[in-house]
Protein chains: 2
Amino acid sequence: MNEAIENILQSKDIAPTAMRILVLEYLQKQTAAVNLADVEAGFAQADRITIYRTLKTFEEKGLIHSINDGTESTKYALCAEACKAGDHYDLHLHFFCIKCRQTYCLPKHKVPEIDLPAGYQLKELNLVAKGICDQCT
Amino acid sequence: MNEAIENILQSKDIAPTAMRILVLEYLQKQTAAVNLADVEAGFAQADRITIYRTLKTFEEKGLIHSINDGTESTKYALCAEACKAGDHYDLHLHFFCIKCRQTYCLPKHKVPEIDLPAGYQLKELNLVAKGICDQCT
DNA sequence: TCGTCCATGCAACCCGATTGCATTGTTTAA
DNA sequence: TTAAACAATGCAATCGGGTTGCATGGACGA
């Protein structure tokens with residue numbers, strides 16, 4: 001179990017410390033994207049800054065991606081395996097439920113093709129849908 | 001000139017005060033979306049809070065829309081005329097240039113149709129493209 | 001003219017994000 | 001095996017955007 005987690009970390013070139021293993025385990029359990037406060041609340045005694053830096057590291061190394069769903073706080077969710085450090089291939093749709101205020105990744109729903117005006121180079125595409133999720137209907 | 005501005009404000013049910021006329025004039029001059037600090041810097045002696053509330057009012061009344069381009073600060077841009085208080089019909093694409101860090105409205109590029117999983121109700125769609133704009137290429 | 005309402009301006013606060021720095025723990029090289 | 005080097009952690013403090021409270025001022029209607 002722990003070994004599987006450690007392997008994941010090492011495959012992304014992240015030193016598997018106790019904290020990082022805990023945070024990754026926590027992230028794997030989530031069905032929705034979480035913010036810093038969520039992770040913090042997930043542990044009894046945890047230092048906010050350490051978690052913050054852990055998430056930063058995870059993001060840099062391509063293990064998780066951050067989502068800006070329009071709320072105040074940045075949220076995080078696990079990446080597809082194909083993601084590498086600095087290169088995120090998870091151009092999927094994110095859905096923010098205005099009722100439960102949860103943000104879900106919808107990886108099956110790819111971001112559509114966009115054609116930009118001449119001279120514009122596309123690097124990244126961010127698509128956030130807002131509405132009511134199936135749980136809240 | 002001023003009269004045209006006043007007419008716009010009144011058509012959106014906004015009392016045309018000196019400050020609001022100035023802010024609207026400023027917004028009309030912009031080619032990219034601006035944040036609070038930008039507007040503040042556009043005037044010699046201006047109160048940050050007043051501008052903040054002016055923008056809030058404009059947004060509520062459907063004169064401008066706010067854009068969350070993934071940077072720290074919220075940006076604003078003028079709406080299409082069709083926008084009404086509380087109802088924004090400007091589901092267009094926004095482009096954020098990672099070089100000049102400007103955010104542009106691309107109203108000609110409509111947001112594509114999205115089909116959500118069963119049980120999901122769509123209320124709003126937010127599409128932000130990131131890359132390099134034609135000026136920075 | 002008076003009273004009311006809205007806009008303005010100042011101060012202060014809140015909160016998420018971030019950095020500095022000292023400490024601890026782990027790995028590497030002698 | 002030990003010492004040096006480096007990475008991770010934890011605490012304190014800061015920063016900046018966003019926001020609210022409250023008092024003042026100006027416009028407008030009764």
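Chain A is the first sequence line, chain B the second, and so forth, proteins listed ahead of strands; every chain is numbered from 1.
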Exercise for the section: Give Thr57(B) one of three labels, base, sugar-phosphate or nothing, depending on what nucleic acid heavy atoms sit under 4.0 Å from its own. Expected result: nothing

Given [options], which nucleotide is nearest the side-chain atoms of [X]?
{"X": "Ala15(B)", "options": "dG10(D), dG18(D), dA7(C)", "result": "dA7(C)"}
{"X": "Lys56(A)", "options": "dT8(C), dT18(C), dA17(C)", "result": "dT18(C)"}
{"X": "Arg53(A)", "options": "dT19(D), dT19(C), dG21(D)", "result": "dT19(C)"}
{"X": "Thr54(A)", "options": "dC10(C), dT9(D), dA7(C)", "result": "dT9(D)"}
{"X": "Ile49(B)", "options": "dT9(D), dG9(C), dG10(D)", "result": "dG9(C)"}
{"X": "Ser73(A)", "options": "dT8(C), dG16(C), dT19(C)", "result": "dG16(C)"}
{"X": "Asp47(B)", "options": "dC11(D), dA17(C), dG9(C)", "result": "dG9(C)"}

Exercise for the section: Identify the heavy atoms of Asn68(B) and Gly70(A) that sit nearest to each other, and give their distance. Expected result: ND2-CA, 3.6 Å

Just how far, in rounded Å, is [atom2] of [N] from [atom1] of [X]?
{"X": "Leu22(A)", "N": "dA8(D)", "atom1": "CG", "atom2": "P", "value": "16 Å"}
{"X": "Arg48(B)", "N": "dG18(D)", "atom1": "CZ", "atom2": "C1'", "value": "8 Å"}
{"X": "Tyr76(B)", "N": "dG17(D)", "atom1": "OH", "atom2": "C1'", "value": "10 Å"}
{"X": "Leu9(B)", "N": "dC6(C)", "atom1": "CG", "atom2": "C1'", "value": "15 Å"}
{"X": "Met19(A)", "N": "dC11(D)", "atom1": "CE", "atom2": "P", "value": "12 Å"}
{"X": "Tyr52(B)", "N": "dG21(D)", "atom1": "OH", "atom2": "P", "value": "12 Å"}
{"X": "Ile51(B)", "N": "dT8(C)", "atom1": "CD1", "atom2": "P", "value": "10 Å"}
{"X": "Glu72(B)", "N": "dA17(C)", "atom1": "CD", "atom2": "P", "value": "12 Å"}

Handout entry: Side chain Arg20(A) and base dT9(D) donor-acceptor under 3.5 Å
Key = no

Handout entry: Tyr76(A) side chain to Leu27(A) backbone, donor-acceptor under 3.5 Å
Key = no

Exercise for the section: Spell out, as yes or no, whether a donor-acceptor pair under 3.5 Å connects the side chain of Arg48(A) to the backbone of Glu40(A). Expected result: no

Exercise for the section: Look at the aromatic rings of Phe43(A) and Tyr26(A) and report parallel, tilted or perpendicular, splitting at 30° and 60°. Expected result: tilted

Problem - N/O (side chain, Thr74(B)) to phosphate O (OP1/OP2, dG18(D)) under 4.0 Å - result: yes

Handout entry: Phosphate OP1/OP2 of dA7(C): any Thr17(B) side-chain N/O under 4.0 Å
Key = no

Problem - Glu6(B), Arg20(B), Glu60(B) screened by side chain to side chain contact (heavy atoms under 4.5 Å, CB included) with Ile14(B), the one that passes - result: Arg20(B)

